Amino acid sequence: MKITDCLNRKEAAFRAYEKLLESQKDLNAVITPIAPSGSFSDGKLSGVPIAVKDNVSTKGILTTAGSAILQNNIPVFDATIVERLKREGAVIIAKSSLDELSMGSRNLTSFFGEVHNPHDLSRVPGGSSGGSAALVAAGIVPAAIGSDTGDSVRKPASYCGIIGVKPTYGLISRYGIIPYAASLDTVGYFTTNVKDACRMLEVLAGHDEKDMTSSDHRKENYEEELTSDIRGKKVLIMKDVLDAIKDERIRRLFDNVINILKKRGALVEEVCFDKDLLCAAFPVYYTIANAEAVIHHVNLTGIPSGKKEEGEDYEEIITASRTKGFGHNTKKRFMIGAYALQEENREKVLVKARKIRKQISDMVLKKMESADVLLAPSAPKIAPPIKEKARIETDEEFLIADNHMVIENLSGMPGMSMPMGKVEGMPVGVHIAAKLFDEKTMFSVAKAIEEDSVKMFCE
Ligand code: GLN
């Protein structure tokens with residue numbers, strides 16, 4: 001479904017809302033449905049039904065971040081992006097499910113239950129923005145909001161066969177978003193096509209004085225200036241990622257994409273990075289993200305907002321509220337974060353992780369000085385079955401091929417995943433990263449791929 005299928009159609013949001021309620025038994029993608037009122041303003045998204053991840057504050061509407069501790073949290077204000085969406089006429093019809101506090105890549109840890117992939121209900125949609133991804137992939141809404149701290153928009157986009165964009169750090173305001181890790185968090189979004197991805201960024205991007213990390217990058221006309229002319233563009237291919245992927249069918253789909261780009265006159269080159277640094281990217285991300293999460297979430301005590309448990313004194317109340325209020329996975333991540341923050345470990349764990357983060361960023365940004373985009377398959381596998389246990393592995397397929405997209409969070413670069421074909425009937429994505437604030441070039445490469453893959457499917 002495209003934005004233009006719903007634009008200025010009074011009945012579109014009502015129809016989407018009905019479909020959404022109906023889909024709930026299969027997908028379980030929604031925490032709070034929001035019935036449309038039928039009124040909306042004129043603008044780039046007039047009447048267009050949109051789903052918003054449930055870590056985005058919505059005035060007067062339950063906002064849980066997928067956690068029991070926030071199961072009765074009703075914000076008194078709208079996040080800046082909600083204001084922007086509404087100003088352009090969007091109709092928000094759902095608060096979509098997510099991994100608890102955005103901690104996960106499969107959408108199995110939400111207090112409100114697992115979310116299912118519309119392509120195969122026995123599989124995960126990816127996380128942590130899996131509810132939003134499932135709703136777009138199921139054709140219920142043409143666009144949805146997610147957040148991406150370490151690939152949480154791009155991984156579900158790959159698993160669900162849609163577009164998922166993580167813009168440059170600071171380009172979209174995070175005011176009113178329940179954080180995971182402030183130095184890595186970005187608002188991202190899903191669409192089904194590149195043109196819609198451009199329009200969404202135009203609506204969402206722009207300086208916000210309420211967010212101190214918000215950039216003052218000028219407004220851009222991504223949609224109007226979208227071109228698929230990529231002649232002379234320099235495309236770097238991440239050879240280390242390809243080498244780490246065991247499934248030959250995924251490598252073959254990626255070769256097709258490269259052929260499209262070559263045929264269109266792009267200059268394609270393979271690049272190898274320092275292996276040790278590549279392998280360190282995920283552990284570095286995990287250390288920093290979880291340390292920051294501990295700091296952000298000390299205030300989740302069940303007081304004054306959230307679910308408060310009984311106790312004799314303050315200490316007992318917050319201990320009981322936090323013990324009951326967080327799931328196992330979240331507590332595990334808090335332990336890791338707390339370990340990194342402890343005074344005796346800080347230097348050798350957290351400070352070291354920050355130093356390596358800088359080395360990884362410098363390494364990639366340096367290579368990008370003489371290139372336009374960086375390409376790799378988004379993931380080495382199709383969406384895993386819900387029954388399969390998520391595990392942290394130490395092999396290159398996990399560290400490099402499955403988690404290379406954290407590099408854009410570590411460095412701030414923009415990245416997007418788009419469909420490049422199917423394996424066993426399940427979608428797989430290609431990831432395109434670009435220079436800081438060069439979303440325009442990222443979109444033009446995506447557009448070129450989109451045009452030719454449509455042709456490939458028709459022939
Ligand atoms: N895969 C990442 C994780 O599990 C994604 C988290 C995110 O981007 N919010 O930490």
Side-chain angles (χ1 to χ4, degrees), residues 52-56 65-67 96-110 114-115 124-133 144-160 164-167 169 172 174 177-190 281-294 296-297 326-337 340 353 357 378-381 383-384 388-393 397-417 429 431 433:
V52 170
K53 188 176 179 177
D54 204 30
N55 61 348
V56 179
S67 182
S96 55
S97 194
L98 66 157
D99 277 300
E100 182 175 21
L101 297 174
S102 305
M103 294 173 165
S105 41
R106 298 195 175 191
N107 233 119
L108 297 175
T109 67
S110 169
E114 59 219 16
V115 178
V124 305
S128 61
S129 317
S132 286
I145 301 292
S147 62
D148 190 313
T149 306
D151 77 11
S152 268
V153 161
R154 294 163 290 156
K155 184 67 70 62
S158 178
Y159 286 171
C160 289
V165 178
K166 175 211 110 60
Y169 182 82
I172 300 181
R174 301 175 311 178
I177 313 289
I178 297 171
Y180 177 3
S183 78
L184 302 154
D185 284 346
T186 49
V187 169
Y189 57 88
F190 302 96
F282 182 73
V284 160
Y285 152 78
Y286 209 69
T287 306
I288 295 173
N290 292 328
E292 290 181 13
V294 170
H296 297 318
H297 296 312
F326 295 122
H328 173 75
N329 173 65
T330 304
K331 284 188 248 193
K332 189 185 81 187
R333 292 199 186 206
F334 282 164
M335 293 289 285
I336 292 166
R357 173 183 185 171
S378 304
K381 290 176 182 165
E388 188 184 294
K389 212 172 168 320
R391 286 174 44 181
I392 291 183
E393 312 277 355
E397 183 162 64
F398 179 83
L399 291 175
I400 300 181
D402 209 8
N403 282 293
H404 67 88
M405 294 187 290
V406 300
I407 290 174
E408 287 69 39
N409 302 86
L410 296 175
S411 64
M413 287 158 64
M416 66 184 280
S417 179
H431 187 251

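Since the model is a prediction, treat every value here as computed from it, not as a measurement. Remember, it's 1-based here, ligands and their atoms both numbered in the order they're listed. Positions are given from 1 along the sequence.
Using a 4.5 Å cut-off on side-chain heavy atoms (C-beta onward), Lys53 and Val153 make no contact. Contact of the Cys160 side chain with the Pro125 side chain is registered, since non-hydrogen atoms from C-beta on lie closer than 4.5 Å.
Closest to atom 2 (C) of ligand 1 among all protein heavy atoms lies Tyr285 OH, 3.4 Å. The protein heavy atom nearest to atom 7 (C) of ligand 1 is Ser152 OG, 2.5 Å. Asp151 OD1, 3.3 Å is the protein heavy atom nearest to atom 1 (N) of ligand 1. Shortest contact from atom 4 (O) of ligand 1 to any protein heavy atom: Arg333 NH2, 2.9 Å.
Which parts of ligand 1 touch Ser128 is read off a 4.0 Å heavy-atom cut-off, strictly below it: atoms 9 (N). Near Thr149, with a cut-off below 4.0 Å to any heavy atom, the atoms of ligand 1 are 7 (C), 8 (O), 9 (N). Below 4.0 Å from some heavy atom of Ser102 lie the following atoms of ligand 1, by number and element: 6 (C), 7 (C), 9 (N). Counting atoms of ligand 1 from 1 in the listed order, those under 4.0 Å from a heavy atom of Gly150 are 1 (N), 2 (C), 5 (C), 7 (C), 8 (O).
Among all heavy-atom pairs drawn from Asn107 and Gly130, the shortest one is OD1-N, 2.6 Å. For Asp185 against Tyr180, the heavy-atom pair with the smallest separation is OD2-N, 2.9 Å.
With Asn55 as the fixed residue, the side-chain hydrogen bond (donor to acceptor under 3.5 Å, both in side chains) test singles out one of Ser96, Ser128, Ser147, Ser129: Ser147.
Within the 4.0 Å heavy-atom shell around ligand 1 one does not find Lys155.
Salt bridge Lys155/Asp148: absent, no basic N to carboxylate O contact under 4.0 Å.
Ring orientation note: the planes of His431 and His404 are nearly perpendicular, at an angle over 60° on the 30°/60° scale.
Proximity of Ser105 to ligand 1, defined as any heavy-atom pair under 4.0 Å, is shared by backbone and side chain alike.
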